[in-house]
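In what follows, a structure is listed as structure tokens, so that the remarks can point back to it.
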Amino acid sequence: MSRSLATALSVEGNRPSRCALPPGLDAARLPAHVAVIMDGNGRWAGQRKLPRVMGHREGVEALKRTLRLCSDWGIGALTAYAFSTENWNRPGEEVSFLMTLFERVLARELQALEQEQVRIRFLGDLEQLPEGLQQLIQDATDRTAANTGIRFNVCTNYGGRRELVRAARLLAEQVQRGDLDPEAIDEQTFASQLFTSGQADPDLLIRTSGEQRISNFLLWQLAYAELHITDVLWPDFDEAALIAALMDFQSRQRRFGGVDSLPS
Ligand code: FPP
């Protein structure tokens, strides 16, 4: 990340874009929040006869590229699935590589994130992560909290079902203490106990590598998201692939369970 994003304005939802949008994209109909399942790193490496971890390393470059483009085009938030609660089942060497990669990338990029007004947050059960990574996460979160640019959520040791159970437990504890009337629990109360509390739900979910699954990602928050599934492997996800996803999004009629409005 090298170009300055210092002109970012502090508004929720979409922010004014700082760079011209590619032709064909309508600034008024961009998603305010994009979520990505970054799949296909291992296959990308396998196709090149490289170790799987090289795919993850290249995946970081794709993530930085995507963050820069979303920020430049005024998209308000990007949420990336970096490590799921199930990913601990991968070979120990790969898990260790990923944890070290997260640490290195965070340490290396923090200054740029600060300067470029990115607000980074990590969503998930962070206390199970290595101590050093937890400290870096805390530092990065604190140092970028007052920034005014794109929100960048990195889901790390994240599981959608676990997040829902956690929210239910937090509400139950409030009821037990006598601080909450069960009758007062509505969707808003429930959402306030999720890791994404205070943030708008994703409008668009992109999944790379052709798999057609949600994989325990943002189960509550994706209720009305439009899905874009591409065969592109995550390390190859570039500007053209992001434009294709945004064009696909703009071609959809979003009804949120209602009906199309009739022409007057
Ligand atoms: C899925 O591909 C990808 C991951 C489990 C890791 C994604 C992590 C990154 C791109 C690094 C992000 C870094 C930071 C600092 C946020 P896969 O291994 O499942 O690929 P495959 O399905 O082809 O095997």
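Throughout, residue positions are numbered sequentially from 1 according to the sequence presented. Just so it is clear, the model here is predicted, and its values are computed rather than measured. All ligand and atom numbering here is 1-based and tracks the order in the structure.
In terms of the side-chain hydrogen bond (donor to acceptor under 3.5 Å, both in side chains) criterion, residue partners of Asp139 (sequence neighbours excluded) are, by chain and number, Arg143.
For the ring pair (Phe, Tyr, Trp, His ring centres under 6.0 Å) with Phe83, the qualifying choice from Tyr158, Phe122, Phe97, Trp88 is Trp88, the only one to do so.
Remark: Arg65 CZ to Cys70 SG distance equals 12.5 Å, nearest 0.5 Å.
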- [ ] Given side chain to side chain donor-acceptor pair (under 3.5 Å), test Asp26 with Gln250 step by step and report yes or no.
- [x] CA-CA 8 Å; Asp26 176 357; Gln250 294 194 337; 5.4 Å; no

Throw together a table of side-chain donor-acceptor distances under 3.5 angstrom for residues 55-62, partners on residues two or more places apart or in other chains.
{"from": "His56", "atom 1": "ND1", "to": "Asn41", "atom 2": "ND2", "distance (Å)": "3.1"}
{"from": "His56", "atom 1": "NE2", "to": "Glu94", "atom 2": "OE2", "distance (Å)": "2.8"}

Taking only distance into account, with no hydrogens and no angle test, what donor-acceptor pairs under 3.5 Å do side-chain atoms of residues 216-224 form with protein atoms, sequence neighbours excluded?
{"from": "Asn216", "atom 1": "OD1", "to": "Gly160", "atom 2": "N", "distance (Å)": "3.1"}
{"from": "Asn216", "atom 1": "OD1", "to": "Arg161", "atom 2": "N", "distance (Å)": "2.9"}
{"from": "Asn216", "atom 1": "ND2", "to": "Glu86", "atom 2": "OE2", "distance (Å)": "3.4"}
{"from": "Gln221", "atom 1": "NE2", "to": "Glu163", "atom 2": "OE1", "distance (Å)": "3.3"}
{"from": "Gln221", "atom 1": "NE2", "to": "Glu163", "atom 2": "OE2", "distance (Å)": "3.2"}
{"from": "Gln221", "atom 1": "NE2", "to": "Thr196", "atom 2": "OG1", "distance (Å)": "2.8"}

Nitrogen or oxygen contacts under 3.5 Å, ligand 1 side and protein side:
{"from": "ligand 1", "atom 1": "2 (O)", "to": "Asn41", "atom 2": "N", "distance (Å)": "3.4"}
{"from": "ligand 1", "atom 1": "18 (O)", "to": "Arg52", "atom 2": "NH2", "distance (Å)": "2.9"}
{"from": "ligand 1", "atom 1": "18 (O)", "to": "Arg90", "atom 2": "NH1", "distance (Å)": "2.8"}
{"from": "ligand 1", "atom 1": "19 (O)", "to": "Asp39", "atom 2": "OD1", "distance (Å)": "3.3"}
{"from": "ligand 1", "atom 1": "19 (O)", "to": "Arg90", "atom 2": "NH2", "distance (Å)": "2.7"}
{"from": "ligand 1", "atom 1": "20 (O)", "to": "Gly40", "atom 2": "N", "distance (Å)": "3.3"}
{"from": "ligand 1", "atom 1": "20 (O)", "to": "Asn41", "atom 2": "N", "distance (Å)": "3.1"}
{"from": "ligand 1", "atom 1": "20 (O)", "to": "Gly42", "atom 2": "N", "distance (Å)": "3.0"}
{"from": "ligand 1", "atom 1": "22 (O)", "to": "Asp39", "atom 2": "OD1", "distance (Å)": "3.0"}
{"from": "ligand 1", "atom 1": "22 (O)", "to": "Arg43", "atom 2": "NH2", "distance (Å)": "2.8"}
{"from": "ligand 1", "atom 1": "23 (O)", "to": "Gly42", "atom 2": "N", "distance (Å)": "3.3"}
{"from": "ligand 1", "atom 1": "23 (O)", "to": "Arg43", "atom 2": "N", "distance (Å)": "2.7"}
{"from": "ligand 1", "atom 1": "23 (O)", "to": "Arg43", "atom 2": "NE", "distance (Å)": "2.8"}
{"from": "ligand 1", "atom 1": "24 (O)", "to": "Arg52", "atom 2": "NH1", "distance (Å)": "2.9"}
{"from": "ligand 1", "atom 1": "24 (O)", "to": "Arg52", "atom 2": "NH2", "distance (Å)": "3.2"}

